[in-house]
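Positions are given from 1, in the same order as the sequence printed here.
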Amino acid sequence: MASSTPSETAKRAKLPSLTGLRFFAALLVFFFHSSLTDSPIPPNAPINPFADASIADGYATAFGKAGYLGVSFFFVLSGFVLAWASRPGERVTAFLRRRLLKIFPNHVVVFAAAMVLFAGAAVTSVADWLPNLLLIHTWFPQAGVNLSVNPPSWSLGSELLFYVLFPLLIVPIRRIRGAALWVWSGLMVVGMVAVQLVSTHLVPDTPKSAITPISDLQFWFGYLLPLGRVFEFALGILLARVVLAGLWPRRVGFGAALVLTVLGYAAALVAPFQYGFVVATIVPVAALIGATANADVQGRATFLRSRPMVWLGEVSFGFYLVQGVTIFYLRSLLGEQTYSVPVALLVIAGFFCTSLLGGWLLFRFVEMPMMRRFGRSRPRTRQLPDPVSEPYENPAPVPVTTGGRTG
């Protein structure tokens, strides 16, 4: 194990491999969405395009927990990235402005597209669509609100809470030293288990959800409610502290973490449904993020830091966010028709290419112009004790960071 003294090399290190890894997390969400047997938008028709029942079932089973894994990865990564690049001297208002600029412009564009294309006809009440526009919709237990308009945007409600809490969480977490970082990381995992225990045993299990085997209330409390996802975000902050302090175990490299992730995913497939959201995969996710960051700190070459992979990572937020339109809406235009294997694969490839194009358009023409125009510092006011800038994602001097992504 490396020295516990914070490494100056680590403090200066950029993390391009983590940027590249983001794309694979978003890709897991894509395969999850394209494998669904019930769309999250009414009339909840199948998305899965395979006509052969055995192949359709196999595809749905193989990727049945992939979206949950991808979302959990992004939530942990969000805390890791913010803590990694935090530095004294930045104002709270500047921090929050950049975070809001990261998510809201993309969200508003896709929200408008969804309303025009399909959601406007189904969502007639202001009480249904306004919470979504303001990204407070996942605080509502009603399924018609928390998954309204553009369903993938639910995760942005959690990200918004994370950004508000970060200035408060980073202060005490910075004071934690040595082995206590691992103890607190373990307590975050315990908190995630507690959320699912409450969801399973204390939250009503009826009426059943239209898109999951549990009730709407259980799905909301155990998966969508932002408060329950703070444990993953805080774990990411703690992991950044671990790597910065030189405490990451040498034996847990990228290869070992990848094997652990595969095993964790296999466990999620057979675990009780709620425990496949986060609990079964959280330790592998933490290991994968920590090991990948540590590889960058040590300067080890990985394919994840190549220019194509970094580009894919940069557009992964938009790639994730447009899937409500590029998968759910486009599939609805095809009706409930299913296809032979070659045609179904072409349909999935079409969804992928359209989603990737949409992600790039958002990144190039919405996210980056907004960050360049409005993300710069203003006159000093109240300051964050440990603010954030993510240099590994910055093609320009304006900080650009991991936003909310998730399935």
Under 3.5 Å, side chain of [X] to main-chain N/O of [Y], donor-acceptor pair present?
X	Y	value
Tyr265	Thr281	no
His107	Leu133	yes
Ser153	Asn150	yes
Thr200	Gln196	yes
Ser215	Pro204	yes
Ser148	Val145	yes
Thr37	Pro46	no
Ser332	Tyr329	yes
Trp248	Val242	no
Lys65	Gly276	no

All side-chain hydrogen bond (donor to acceptor under 3.5 Å, both in side chains) counterparts of Thr302, not counting sequence neighbours: Ser17
Atom pair [atom1]/[atom2] of [X] and [Y] - distance to nearest 0.5 Å:
X	Y	atom1	atom2	answer
Ser72	Leu77	OG	CG	11.0 Å
Ile173	Ser86	CD1	OG	10.5 Å
Leu202	Gln218	CG	CD	10.0 Å
Leu156	Phe111	CG	CZ	12.5 Å
Ile103	Leu135	CD1	CG	5.5 Å
Asn106	Leu321	CG	CG	6.5 Å

Shortest non-hydrogen separation from [X] to [Y] and the atoms involved:
X	Y	result
Ser306	Phe303	OG-O, 2.9 Å
Val230	Leu165	CG2-CD1, 3.8 Å
Phe24	Leu304	CE1-CD2, 3.7 Å
Phe140	Pro131	CE1-CB, 3.9 Å
Met192	Val279	O-CG2, 3.8 Å
Ala114	Val149	CB-CG1, 3.9 Å

Mind checking whether [X] and [Y] have parallel, tilted or perpendicular rings, split at 30° and 60°?
X	Y	result
Phe23	Phe319	tilted
Phe233	Phe162	parallel
Phe32	Tyr68	tilted
Tyr223	Phe277	tilted

Do [X] and [Y] have side chains that approach each other closer than 4.5 Å (heavy atoms only, starting at C-beta)?
X	Y	result
Asp296	Arg305	yes
Phe75	Ser155	yes
Pro172	Trp184	no
Leu28	Phe73	no
Arg97	Arg91	yes
Phe352	Leu27	yes
Leu15	Val81	no
Leu288	Phe254	yes

Side chain to side chain contact (heavy atoms under 4.5 Å, CB included) assessment of Asn146 paired with Trp154: CA-CA 7 Å; Asn146 56 48; Trp154 76 265; over 6 Å; no
Derivation of the side chain to side chain contact (heavy atoms under 4.5 Å, CB included) call for Leu224 and Leu147: CA-CA 9 Å; Leu224 301 176; Leu147 289 176; 4.2 Å; yes
Contacts of Arg241 that satisfy salt bridge (Lys or Arg N to Asp or Glu O under 4.0 Å) - sequence neighbours left out: none
Partner residues of Arg229 under the salt bridge (Lys or Arg N to Asp or Glu O under 4.0 Å) criterion, sequence neighbours left out: Glu232
ring-ring contact (aromatic ring centres under 6.0 Å, His included) assessment of Phe328 paired with Phe118: CA-CA 10 Å; Phe328 303 151; Phe118 62 90; 8.3 Å; no
Criterion side chain to side chain contact (heavy atoms under 4.5 Å, CB included) on Phe80 and Leu18, from CA distance to verdict: CA-CA 10 Å; Phe80 189 100; Leu18 273 184; 3.8 Å; yes
is_close_aromatic(Phe30, Phe351), centroid dist under 6.0 Å: no
Ring centers of Phe74, Phe317 separated by less than 6.0 Å: no
Stepwise side chain to side chain contact (heavy atoms under 4.5 Å, CB included) check, Leu100 with Leu160: CA-CA 8 Å; Leu100 297 180; Leu160 187 60; 3.4 Å; yes
Modelled atom types, side-chain donor and acceptor of Ser355 and Thr326, under 3.5 Å: yes
Between Asn48 and Ser35: side-chain donor-acceptor atoms closer than 3.5 Å: no
With Ile55 via side chain to side chain contact (heavy atoms under 4.5 Å, CB included) - residues at least two apart: Phe50, Asp52, Val341
CA sep, side-chain torsions, deciding dist, call: Asn44, Ser39, side-chain hydrogen bond (donor to acceptor under 3.5 Å, both in side chains): CA-CA 4 Å; Asn44 306 120; Ser39 172; 5.6 Å; no
ring-ring contact (aromatic ring centres under 6.0 Å, His included) against Phe63, all qualifying residues, sequence neighbours excluded: Phe31, Tyr59
Pairs satisfying salt bridge (charged side-chain N to carboxylate O under 4.0 Å, His left out), at least one member in residues 114-140, at least two apart: none
